[in-house]
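For ligands, and for the atoms within them, numbers begin at 1 and follow the listed sequence.
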Amino acid sequence: MTDSPATVRPDRRAELAAGLARVRSRIAQACADAGRDTSEVTMIAVTKTYPAGDVVALAGLGVLDVGENRDQEAAPKAAEVAAAGVTPRWHFIGQLQRNKAKSVVRYADVVHSVDSVRLAGALDRASASGRDRPLDVLVQVSIDGDAARGGALPGSADPDAGLDAVAEAVAGAEALRLTGLMAVAPLGWEPERAFARLAEVAAGFRRLHPGAGALSAGMSGDLEIALRYGATHVRVGSALLGMRPTLR
Ligand SMILES: *Cc1c(COP(=O)(O)O)cnc(C)c1O
């Protein structure tokens, strides 16, 4: 008998279980330090560059939230995982081109990286025709205001990239559901400073959109600090699955 492609060897399963135990204990400690309950926090396993078998194995370990950042990789992986009879929640966390919206809405349950009114429109149209229920959306915010690196701009009146404009476009879209904000700490910034700034932006955002309380922030290297500043979703790749061959 040969293994189907979406399976892993026992040693890989053990490696993933060990990584998961370490990450879960870091999250538990960070929550304890911040006086928060771990039930408020969702860990998303960022499986980019890793095969479908790892996703299936993680599901077997109870990890049912999975993140990917490139449609070309995620679409076939999601199909392979589904063929193995496993249905995690797929979170799309990478920069997204409008011409990929149709593909992404077919497998993604949540898109974390919406940062323009035009992208919100493309996702709304794709979701209306390609899904039977609304797509959950987090608006990605730029913490340092550098639009070139992605992220809507807090406090900006830019009609396409201003945070308020993007959030309103998502909130008003029939086939999208605004659930919160996402950010990545900018290169060269202390995570402390980045997530403190993000917490301020999130507080203002929640006054306008009280139902959209999700805050997706924190990765392998800085999840403790993100949790201290209110993250509800941490996106963990290397600490869980191992170092990726290329950094992206
Ligand atoms: C790759 C990636 C992560 C995970 O990064 P690690 O440092 O491996 O935990 C989180 N968020 C985004 C947007 C990513 O692209």
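Close approach of ligand 1 to V236 is summarised as follows: ligand atoms under 4.0 Å from at least one heavy atom of the residue are 9 (O). In summary, the atoms of ligand 1 found under 4.0 Å from a heavy atom of S238, numbered by their order in the structure, are 6 (P), 7 (O), 8 (O), 9 (O). Atoms of ligand 1 found under 4.0 Å from any heavy atom of R235, numbered from 1 in the order shown, are 4 (C), 9 (O), 10 (C), 11 (N), 12 (C), 13 (C).
Within the hydrophobic cluster formed by Ile, Leu, Val, Met, Phe, Trp and Tyr side chains joined at under 4.5 Å, directly or through other members, V63 is accompanied by L16, L20, V23, I27, V41, M43, Y50, L58, L61, L223, L227, V234, V236, L240, L241.
Neither the backbone nor the side chain of H112 has a heavy atom within less than 4.0 Å of ligand 1. Using a 4.0 Å cut-off between heavy atoms, I93 contacts ligand 1 through both its backbone and its side chain.
Using the six-membered ring where Trp is involved, H91 and H112 have ring planes that are perpendicular, over 60° apart on the 30 and 60° scheme.
In summary, the side chains of S156 and D158 do not present any donor paired with an acceptor at a separation below 3.5 Å, with no hydrogens or angles considered.
If you take NZ on K102 and OG on S129, they are separated by 6.5 Å, rounding to the nearest 0.5 Å.
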Give the intermediate values and the outcome of side-chain hydrogen bond (donor to acceptor under 3.5 Å, both in side chains) for residues T232 and E40.
CA-CA 6 Å; T232 61; E40 298 168 20; over 6 Å; no
